Novice: 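First the structure, then my questions, so here it is.
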Protein chains: 2
Amino acid sequence: MRTSELAGQVGVNAETLRYYERRGLLNEPPRTSGGYRDYPPTAVDLLRFIKRAQELGFTLDEVEELLHLDSGGPDSCDVARGLAEHRQADLERRIRDLQRMHDSLADLVATCDRPRADRSCALLEAIDPHTEATR
Amino acid sequence: MRTSELAGQVGVNAETLRYYERRGLLNEPPRTSGGYRDYPPTAVDLLRFIKRAQELGFTLDEVEELLHLDSGGPDSCDVARGLAEHRQADLERRIRDLQRMHDSLADLVATCDRPRADRSCALLEAIDPHTEATR
DNA sequence: GTTGACTCTGTAGTTGGGTACGGGGTTGAC
DNA sequence: GTCAACCCCGTACCCAACTACAGAGTCAAC
């Protein structure tokens with residue numbers, strides 16, 4: 001299977017495959033006599049694994065670690081679990097942060113409906129009450 | 001007020017101020033006879049506005065827009081509200097995405113507690129059941 | 001045997017928000 | 001008048017995960 005065929009099946013850019021190879025995420029596939037990459041059919045599943053893991057929030061470095069684990073010994077499962085739980089905790093943190101941002105913003109937007117003096121914008125004032133300054 | 005004093009008061013790197021100036025976020029302050037930037041005291045509030053807006057999830061481009069609005073006409077309030085609501089919607093989307101990732105990951109980690117055949121990792125299998133491939 | 005679509009390589013650019021560095025000039029206390 | 005501590009500028013670098021490009025080679029159909 002050639003580069004663009006594989007890329008097409010998985011829905012990634014063909015350059016991305018070369019990038020993954022450079023990065024060590026994909027092993028170098030065999031080459032045809034003309035020097036073209038010739039991927040085995042299993043490469044499709046491998047790439048889908050990578051994409052799925054990315055969707056779950058793993059970085060490519062972590063994906064690489066997962067791939068090593070996958071062919072690893074009996075302790076691998078625990079390591080994988082650790083990675084996944086670490087990801088989970090990180091996601092929880094990020095969700096909390098975004099939620100805080102969202103709530104603060106909602107408070108600000110709510111000020112828009114308050115009666116206000118002529119030309120003053122409650123929202124902008126609320127972000128910082130003393131804004132005059134350099135510009 | 002000199003660059004590093006301002007930076008220190010707001011808690012940013014002094015280089016960041018030059019960066020904001022290059023970007024057009026801060027106007028060029030007056031200079032001393034020796035060519036040093038001499039910020040007015042109000043610059044502290046301005047920078048705090050910028051940092052606060054960043055914490056709320058606004059990009060620097062959006063912050064710049066907010067700053068323009070702040071000195072703008074009576075319609076500015078509506079524009080500002082629009083920007084804020086757009087940010088809110090974006091945050092909601094991102095929160096939902098992360099929540100989905102988190103839930104999927106939780107499902108995977110749950111498989112870790114299931115009884116499993118000797119050396120196979122349910123978590124890794126669950127991400128993709130057919131992983132053998134190129135590496 | 002020629003055309004056109006594909007592939008190869010190395011290198012460089014993208015995004016956003018900074019940070020770092022080198023080689024110089026200024027300030028102010030001693 | 002000397003010294004350290006600051007500041008100037010332009011430029012290059014950082015992160016992650018791609019994406020683009022130029023110039024060359026290959027393949028398959030006609």
Side-chain angles (χ1 to χ4, degrees), chain A residues 1-39 43 46-67 87 90-91 94 97-98 101, chain B residues 1-39 43 46-67 83 86-87 90-91 94 97-98 101:
Chain A
M1 196 188 300
R2 281 195 255 170
T3 300
S4 65
E5 192 186 346
L6 174 55
Q9 281 201 24
V10 186
V12 303
N13 192 311
E15 305 271 13
T16 302
L17 299 183
R18 290 210 314 117
Y19 169 67
Y20 285 172
E21 193 178 311
R22 273 205 304 285
R23 238 182 163 277
L25 205 56
L26 294 178
N27 282 342
E28 297 186 29
R31 301 286 183 123
T32 66
S33 56
Y36 286 13
R37 286 174 185 78
D38 186 24
Y39 292 97
L46 178 58
L47 263 170
R48 291 212 174 114
F49 177 102
I50 294 172
K51 285 295 156 194
R52 171 105 172 92
Q54 269 190 305
E55 280 165 19
L56 291 172
F58 289 93
T59 66
L60 290 184
D61 277 349
E62 289 167 331
V63 173
E64 198 177 343
E65 202 168 347
L66 287 175
L67 288 174
R87 280 276 68 226
D90 191 51
L91 285 169
R94 283 163 59 194
D97 287 348
L98 294 184
M101 287 183 200
Chain B
M1 193 189 299
R2 282 198 244 169
T3 300
S4 65
E5 191 186 346
L6 174 55
Q9 281 200 24
V10 186
V12 303
N13 192 310
E15 305 271 14
T16 302
L17 299 183
R18 292 209 315 115
Y19 170 66
Y20 285 173
E21 194 178 309
R22 272 204 304 285
R23 239 180 164 276
L25 204 56
L26 294 177
N27 281 341
E28 296 185 29
R31 302 287 184 123
T32 66
S33 56
Y36 285 13
R37 285 175 185 78
D38 185 25
Y39 292 97
L46 178 58
L47 263 170
R48 291 210 173 116
F49 177 102
I50 293 172
K51 284 295 156 193
R52 173 103 173 93
Q54 267 189 307
E55 281 165 18
L56 291 171
F58 289 94
T59 66
L60 289 185
D61 278 349
E62 288 167 332
V63 173
E64 197 177 343
E65 202 169 350
L66 287 175
L67 289 174
L83 282 173
H86 187 267
R87 280 275 69 226
D90 191 52
L91 286 168
R94 283 162 59 194
D97 286 349
L98 294 183
M101 290 183 199

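Here is how names work: the chains are called A, B, and so on, in the same order as the sequence lines, proteins then strands, and each is numbered from 1. Computed from a predicted structure; not experimentally measured.
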Novice: DNA chain C: Glu21(A) or Arg23(B), which has the more 5' nearest nucleotide?
Specialist: Glu21(A)

Novice: For Arg2(B) and for Lys51(B), locate the closest nucleotide of DNA chain C by heavy-atom distance; then report the residue assigned to the nucleotide nearer the 5' terminus.
Specialist: Lys51(B)

Novice: So, OP1 or OP2 of dC7(D): does either fall under 4.0 Å of a side-chain N or O from Arg37(B)?
Specialist: no

Novice: Which whole-number value in Å describes the distance from Glu28(A) CD to dT7(C) P?
Specialist: 18 Å

Novice: Nearest-Å distance, CG (Leu47(A)) to P (dC18(D))?
Specialist: 11 Å

Novice: Within the modelled atom types, does a donor on one side and an acceptor on the other bring the side chain of Tyr36(B) and the base of dG25(C) under 3.5 Å apart?
Specialist: yes

Novice: Does dG17(C) have OP1 or OP2 under 4.0 Å away from a side-chain N or O of Thr16(B)?
Specialist: no

Novice: Atom OH of Tyr20(A) to atom C1' of dA16(D): distance rounded to whole Å?
Specialist: 11 Å

Novice: Hey, are Glu21(A) and Arg37(A) close enough for a salt bridge, meaning a charged N less than 4.0 Å from a carboxylate O?
Specialist: yes

Novice: For Leu26(A) and dA17(D), give me the distance from atom CG to atom C1', rounded to whole Å.
Specialist: 14 Å

Novice: Confirm from the modelled atom types if Arg18(A) and dG10(C) form a donor-acceptor pair under 3.5 Å, side chain to base only.
Specialist: yes

Novice: Can you find a donor-acceptor pair, distance only, under 3.5 Å between Glu15(B) side chain and dC21(C) base?
Specialist: yes

Novice: In whole Å, what is the span from the CZ atom of Arg22(B) to the P atom of dG18(C)?
Specialist: 12 Å

Novice: Identify the heavy atoms of Met101(B) and Glu55(A) that sit nearest to each other, and give their distance.
Specialist: CG-O, 3.1 Å

Novice: Is it the case that the side chain of Asp38(B) and the backbone of Pro30(B) share a donor-acceptor pair, with hydrogens and angles ignored and the cut-off at 3.5 Å?
Specialist: no

Novice: Return the 5'-most residue of the pair Ser4(B), Gly34(A) with respect to DNA chain D, ranking by each residue's nearest nucleotide.
Specialist: Ser4(B)

Novice: For Arg31(B), which contact category applies under a 4.0 Å heavy-atom criterion: base, sugar-phosphate, or nothing?
Specialist: sugar-phosphate

Novice: For dA16(D), take OP1 and OP2 only and decide whether either is under 4.0 Å from a side-chain N or O of Gln54(A).
Specialist: no

Novice: Apply salt bridge (Lys or Arg N to Asp or Glu O under 4.0 Å) to Asp97(A) and Arg94(B), showing your working.
Specialist: CA-CA 11 Å; Asp97(A) 287 348; Arg94(B) 283 162 59 194; over 6 Å; no

Novice: Which whole-number value in Å describes the distance from Leu60(B) CG to dT15(C) P?
Specialist: 15 Å

Novice: Is there a donor-acceptor pair under 3.5 Å between the side chain of Glu62(B) and the backbone N or O of Thr59(B)?
Specialist: yes

Novice: Mind calculating the distance between CG (Asn13(A)) and P (dC21(D)) to the nearest angstrom?
Specialist: 11 Å

Novice: Rounded off to whole Å, could you give me the CD-to-P distance for the Glu5(B) and dG28(C) pair?
Specialist: 13 Å

